[in-house]
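These numbers come from the heavy atoms of this one structure, side chains and all, not from hydrogens, waters or symmetry mates. Index from 1, following the sequence.
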Amino acid sequence: MQQLSWLVWLNTDTVVDEAVFEEAVNDLIQQNLVLFFRYLDSLTQFQINFLNAIADGVESEFSKTETLSKYNLGTAANIKRLKDSLENKELIDIEENKVTFNDPVFKLWFRRRFRSFR
């Protein structure tokens, strides 16, 4: 949040409007691109598929047949391994069986940029 606020401040002289905010968000994403691609380079296709599910708003019930099929997550037994591995890589948080991205900027980039390639 601090980095985003600083970028907003740099991109305006007097008034912050939606265009200034969007430019700051894009700058923030650009500054972190190397890190984000490094995250992806270390992931399996199943892990990326799991992140796609989270990016689409799936927070729980990953083992449902329709979710497993839609996101190509493998078997229900694979879900625990995916959660554990992504949590160990500090890419997701799990609280009360609810799974979310650890870094909101990575989530935004993932949704905007990476998912457009599939």
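- A heavy-atom distance below 4.5 Å is found between the side chains of Val99 and Phe62.
- A distance-only check finds a donor-acceptor pair linking the side chain of Ser85 to the backbone of Arg81 [under 3.5 Å].
- With sequence neighbours left out, Glu87 forms a salt bridge (Lys or Arg N to Asp or Glu O under 4.0 Å) with no residue at all.
- Residues satisfying the salt bridge (Lys or Arg N to Asp or Glu O under 4.0 Å) criterion with Asp93, sequence neighbours excluded, are absent altogether.
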Determine whether Thr75 and Leu68 satisfy the following criterion, side-chain contact (heavy atoms from CB on, under 4.5 Å), listing intermediate values before the conclusion. CA-CA 7 Å; Thr75 65; Leu68 291 170; 5.9 Å; no

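- A heavy-atom distance below 4.5 Å is found between the side chains of Phe110 and Leu40.
- The shortest side-chain heavy-atom distance between Phe50 and Asn78 does not fall under the 4.5 Å cut-off.
- The structure places CD of Glu90 at 6.5 Å from CG of Asn102, a figure rounded to the nearest 0.5 Å.
- Atom NZ in Lys98 sits 12.0 Å away from atom CD1 in Ile54 (nearest 0.5 Å).
- A search for side-chain contact (heavy atoms from CB on, under 4.5 Å) contacts involving Lys107 returns Phe101, Arg111, not counting sequence neighbours.
- Side-chain contact of Gln45 with Asn49: a donor-acceptor pair under 3.5 Å is present, judged by distance alone.
- Once rounded to the nearest 0.5 Å, the distance linking CG of Asp56 with OH of Tyr71 reads 3.5 Å.
- Looking at every heavy atom in both residues, Ile92 comes nearest to Lys83 through CD1-O, 3.6 Å.
- Under the rule for a salt bridge (Lys or Arg N to Asp or Glu O under 4.0 Å), the partners of Glu61 that lie at least two apart in sequence or sit in another chain are Lys64.
- When every heavy atom of Thr67 is checked against every heavy atom of Leu73, the shortest pair comes out as O-CD1, 4.0 Å.
- Note that CG of Leu86 is 7.5 Å distant from OG1 of Thr44, once rounded to the nearest 0.5 Å.
- Judged as a side chain to side chain donor-acceptor pair (under 3.5 Å), and not counting sequence neighbours, Asp103 has no contacts.
- Formation of a donor-acceptor pair under 3.5 Å by the Lys89 side chain with backbone atoms of Ser42 is found in this model.
- By the 4.5 Å heavy-atom criterion applied to side chains, Tyr39 and Leu91 are counted as neighbours.
- Using a 4.5 Å cut-off on side-chain heavy atoms (C-beta onward), Leu82 and Phe46 make contact.
- Taking each heavy atom of Trp109 and Leu33 in turn, the nearest pair found is NE1-CD2, 3.1 Å.
- Note: Leu108 CG to Asn26 CG = 8.5 Å, rounded to the nearest 0.5 Å.
- Asn72 pairs by the side chain to side chain donor-acceptor pair (under 3.5 Å) definition with nothing, not counting sequence neighbours.
- The local environment of CG in Asn97 is sparse, with at most 12 non-hydrogen atoms from other residues, nucleotides or ligands closer than 6.0 Å.
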Show your reasoning for whether side-chain contact (heavy atoms from CB on, under 4.5 Å) applies to Ile29 and Arg112. CA-CA 10 Å; Ile29 289 171; Arg112 283 184 176 183; 3.9 Å; yes

